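A quick note: this is a predicted structure, and the numbers were derived from the prediction, not measured. Lettering follows sequence order; numbering is per chain, from 1.
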There are 2 protein chains.
Amino acid sequence: MEPGPPKFRRRKADRPTEILGAALAVFAEKGFAAARLDEIARRAGVSKGALYLYFETKEDIFRAVVGQVIAPNMVAVKAMAAAHPGPFPDLIRRVAVAIAQVAQTSPLSAVAKMVLGEARNFPELARVWHDDLVSQALEAISGAVKAAQARGEIKPGDPRTFALQFISPLLVAMMWRETFVPVGAEPFDLSRLMSQHVETLLHGLLVAETRS
Amino acid sequence: MEPGPPKFRRRKADRPTEILGAALAVFAEKGFAAARLDEIARRAGVSKGALYLYFETKEDIFRAVVGQVIAPNMVAVKAMAAAHPGPFPDLIRRVAVAIAQVAQTSPLSAVAKMVLGEARNFPELARVWHDDLVSQALEAISGAVKAAQARGEIKPGDPRTFALQFISPLLVAMMWRETFVPVGAEPFDLSRLMSQHVETLLHGLLVAETRS
DNA sequence: AGCTAATAACTGACTGGTCAGTTATTAGCT
DNA sequence: AGCTAATAACTGACCAGTCAGTTATTAGCT
């Protein structure tokens, strides 16, 4: 009787991340309710029962997936906030490039879409996403705007609104990519979009005296 | 034996719209999968079986709800496109007010969020929404931008990107309202947001010579 | 080193509840 | 009386979560 390859391997340490990777993919494709635990398990190369060795419930897996994406992006936000306090145009151009980069290389847009879609059924998830990530990013930008206004670099106006104006096109382009590109819509080039956007915005934000 | 109020009324003509109204509310609250046909029926003042006199399946109801919102908004888009071809600033300010109005008084944002959330499971819905509404609105704005560029009123640059820049903050503010305000976030005043946004955008879009 | 007992990761068949969709029947209209 | 909108009880499929049993791995002993 040849033993053959073993039916499974014991890899306690790696399982959780593998499961969360598979779960991210399935949740992103189907949404929370339509996602099947059997499929998550299959993609993770594991039985359904094994999921329950590491997570309590389906919701628990969902929370973990969403939470996992926050931490690395918080690093980006912190870096943004710590960016050198030079002239506003330099700062904002730098931030735009960094944000576009993150948007293109992380599962951020897929998770953002999930949070939007499931916010009603998981209010506490929307709260975490808002408190730990979105509002902090928004405040970081608002703070930079306020400082630049104090220096007389840019026009008066609600800083929070300016911040929203700044990031909105990127967010919409991300949603566009997730929603309409799969059905044949023309995608937006995020980097090109952001550079055109920043220049447009700047020449509206900059007061006449400081314009180069 | 008093007859009392009749158990039900036969109102074949009114039922479909009543059902769709109830369905819109439930779908908007719960999303497609978590919405219960029993609840839709209850809110429509009807039994579950009655739903099947007017619609084939749950998906069919969902499609009808989404489709119903398109028509009235197409009117708005058409009106936008037909707006007088005067100076670009006048046009864009008018359109901004009109759009903010629609966003505040119609179930547009709720349905938009539904379409985003369920796009993966209903690609043909994303397609209808895009082809019949979103892309037409975007093209209407792009057309106005292109015309203004031809007249030398505004700077060169990708018109479709300008169009996206124009509507993005409104869309994001709508999603913000649907997602984060229920968990305690500060809402954005759509009208104020749009007026600040348009002015910021204009003074970046307008070339120096035509600036007032 | 080889053998065995103990441990813990993992499986997969099962269940209890839920819910979309069906159907036999009743109530209201003309 | 005849017709049909509408009901309410029913069914069958589906799926999150469970658990008794199986298999890989490790520890302990000689």
- request: From the options D/dA16, D/dT7, C/dA20, select the nucleotide whose nearest atom is closest to the side chain of B/K48.
  value: C/dA20
task: Would you indicate, yes or no, if D/dA5 has its OP1 or OP2 atom less than 4.0 angstrom from a side-chain nitrogen or oxygen of B/Y54?
output: no
query: Which part of the nucleic acid, if any, lies within reach of B/L37 when heavy atoms closer than 4.0 Å are counted: base, sugar-phosphate only, or nothing?
result: sugar-phosphate
- line: Smallest heavy-atom separation, B/Y52 atom then B/T57 atom, equals CE2-CA, 4.3 Å
task: Measure from the side-chain heavy atoms of A/K58 and tell me the nearest of D/dG17, D/dA6, C/dC10.
output: D/dG17
Interatomic distance, A/Y52 OH vs C/dC14 C1' [rounded to whole Å]: 14 Å
task: Please name the residue in the list A/E56, A/Q68, A/E124 that meets the side chain to side chain donor-acceptor pair (under 3.5 Å) test with A/R63.
output: A/E124
- line: Rounded to whole Å, CZ of A/R15 lies from C1' of C/dT11 at a distance of 11 Å
message: Between P on C/dA9 and CD on A/E18, what's the gap in Å once rounded to a whole number?
response: 15 Å
task: Verify, without hydrogens or angle tests, whether B/H197 (side chain) and B/F166 (backbone) share a donor-acceptor contact under 3.5 angstrom.
output: yes
field: Nucleotide forming a Watson-Crick or wobble pair with C/dG2, both distances under 3.5 Å
entry: D/dC29
message: Does A/A35 reach a base, just sugar-phosphate, or nothing at all? Heavy atoms under 4.0 Å.
response: sugar-phosphate
message: Measure CZ/A/R42 against P/C/dC10 and give the value in whole Å, please.
response: 19 Å
field: Which residue lies more 5' along DNA chain D, comparing A/D38 with B/S47 via nearest heavy atoms
entry: B/S47
field: Nearest listed nucleotide, side chain of A/V46, among D/dA16, D/dA8, C/dT11
entry: C/dT11
Rounded distance (Å) that lies between atom C1' of D/dA16 and atom CG of A/D60: 14 Å
- prompt: Out of D/dA6, D/dA16, C/dT22, which nucleotide sits closest to the side chain of A/R36?
  reply: D/dA16
- prompt: Please give, in whole Å, the distance from C/dT23 P to B/L53 CG?
  reply: 13 Å
- request: With the side chain counted from C-beta on, respond yes when B/L164 and B/R160 share a heavy-atom pair under 4.5 Å apart, and no when they do not.
  value: no
message: In whole Å, I'd like the distance from the CD1 atom of A/I40 to the P atom of D/dA16.
response: 8 Å
message: Could you tell me the Watson-Crick or G-U partner of D/dG21, where both distances fall under 3.5 Å? Say none if there is no partner.
response: C/dC10
Closest non-hydrogen atom pair between A/Y54 and A/P16, with its separation: CD2-CG, 3.9 Å
message: Rounded to whole Å, please give me the gap between CZ in A/F55 and P in C/dC10.
response: 12 Å
Along DNA chain D (nearest heavy atom to each residue), the more 5'-positioned of B/G49 and A/T57: B/G49
